[in-house]
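Here is how names work: the chains are called A, B, and so on, in the same order as the sequence lines, proteins then strands, and each is numbered from 1. For clarity, every value in this text was computed on a predicted model and none was experimentally measured.
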Number of protein chains: 2
Amino acid sequence: MDLHQRLRSRGYRLTPQRELVLEAVSSLGHATPEDALGWIRERSGGVNISTVYRTLELLEELGLVKHTHLSHGAPTYHAAAAPEHVHLVCRPCGKVIELEPRVVSPLVDTLQDDVGFAADVGHLTVFGQCAECSR
Amino acid sequence: MDLHQRLRSRGYRLTPQRELVLEAVSSLGHATPEDALGWIRERSGGVNISTVYRTLELLEELGLVKHTHLSHGAPTYHAAAAPEHVHLVCRPCGKVIELEPRVVSPLVDTLQDDVGFAADVGHLTVFGQCAECSR
DNA sequence: CTACTTGCAAACTCTTTGCACCATA
DNA sequence: TATGGTGCAAAGAGTTTGCAAGTAG
């Protein structure tokens, strides 16, 4: 865990709250700020929701977590340490499917070559309808 | 304009507010609810913001507008009559680039073939960094 | 006329911020 | 012990809803 080093090298401090938030996101895989808070409450005394927001922002700045938008509402965070993946969200049933970024590499290459756009694959979410819901 | 027919066939009524909201979205190309309201205020007396929300929801149900998320905050609506397109959003500068859906057809086909997922191209937004910001 | 719509205001959700107190280094 | 961090409460965006008054058909 290099959380401590990353924090210290920028003058930030290591606190139990910061460890907990990162652990929550890592364990949950996908977590909204509210999800992370719930996870933390189940095992320790709890952390204030505003601290969760501040910490997620900080962890993202440090490159330890990333976020996407899997629904209309809250953003969803996941650990940057997790293998990078693309999200498919089925609108009818709400299911979230993760895929290897390989499936979008043709698209990424096209965007780079045609318009010089560097796509952020880890942030990509494709909405649509899954196989079951299409029947 | 088949707004009137579409509304009537489902028992809804044609009102000046509904015409204005659809016209706002069509003219602006991309519009948040707040943007649409601003456009309407510039030419007529104005419409209440809650009517804008209700109307956008209705127009989407009727298939006349669609929405995407181009930023963290408000959703962005565009007329369904406009040619379908994919959005690229440059995070550093905020610029929005529109591309023909052709560029993502390889991806759409892959998703369909591999996992049976029917991607909604009109709703797709790719975040990343544009050519200028990459220099 | 009647049912659908609108405007208004209040309520709600999600997120941010100011500030006094607390804790890491 | 000196900052930086946290909790709390209040303030802000964005959005939804209940209800009385207005209006399209």
| said: So, does A/His4 get its side chain near the phosphate of C/dT24, meaning an N or O under 4.0 Å from OP1 or OP2? | reply: no
| request: In whole angstrom, give the distance that lies between atom OH of A/Tyr53 and atom P of D/dA13. | output: 16 Å
| field | Residue met sooner reading DNA chain D from 5', once B/Tyr12 and B/Glu57 are mapped to nucleotides | value | B/Glu57
| said: Less than 4.0 angstrom between a side-chain N/O of A/Gln17 and OP1 or OP2 of D/dG7, yes or no? | reply: yes
| task | Would you kindly check whether a donor in the side chain of A/Arg54 faces an acceptor in the base of D/dT6, or vice versa, at under 3.5 angstrom? | result | no
| request: Determine: side-chain N/O of B/Thr51 to OP1/OP2 of C/dT6, distance under 4.0 Å, yes or no. | output: no
| task | Choose from D/dG5, C/dG7, C/dT6 the nucleotide whose nearest atom is closest to any side-chain atom of A/Arg18. | result | D/dG5
| field | Gap between atoms CZ and P, on B/Arg13 and D/dG22 respectively (whole Å) | value | 15 Å
| field | Side-chain donor/acceptor of A/Arg41 to backbone N/O of A/Gly46, under 3.5 Å | value | no
| Whole-Å distance separating the CD1 atom of B/Ile49 from the C1' atom of D/dA13 | 12 Å
| note | To the nearest angstrom, the CG-C1' distance between B/Leu62 and C/dC4 comes to 14 Å
| With nearest nucleotides of DNA chain C determined for A/Glu34 and B/Thr55 from heavy-atom distances, which residue corresponds to the more 5′ nucleotide? | B/Thr55
| remark: note: B/Leu70, atom CG; D/dG14, atom C1'; distance rounded to Å ~ 16 Å
| note | Tested for ring pair (Phe, Tyr, Trp, His ring centres under 6.0 Å) against B/His87, the lone hit among B/His123, B/His30, B/His67, B/His69 is B/His30
| When you match B/Pro33 and B/Leu14 each to their closest nucleotide on DNA chain D, which lands nearer the 5' end? | B/Pro33
| remark: note: B/His69, atom NE2; D/dT15, atom P; distance rounded to Å ~ 9 Å
| said: For A/Asn48 and A/Thr51, which I'm curious about, is there any donor-acceptor pair between the side chains at under 3.5 Å? | reply: no
| said: Looking at A/Arg8 and C/dA25, is any side-chain donor or acceptor paired with a base atom of the opposite kind under 3.5 Å? | reply: no
| remark: To the nearest angstrom, the CD-P distance between A/Glu60 and C/dT16 comes to 11 Å
| query | Roughly how many Å is it from CG in B/Asn48 to P in C/dT5, rounded to a whole number? | reply | 16 Å
| message | Using OP1 and OP2 only, check whether a side-chain N or O of A/Thr15 sits under 4.0 Å from D/dG4. | response | no
| field | Check: B/Glu61 and B/Tyr12 side chains under 4.5 Å, non-hydrogen atoms | value | yes
| How is B/Ser50 classified with respect to the nucleic acid when contacts are heavy atoms under 4.0 Å: base, sugar-phosphate, or nothing? | base
| Counting N and O atoms only, with roles assigned by atom type, does the side chain of A/Arg13 sit under 3.5 Å from a partner on the main chain of A/His4, one being a donor and the other an acceptor? | no
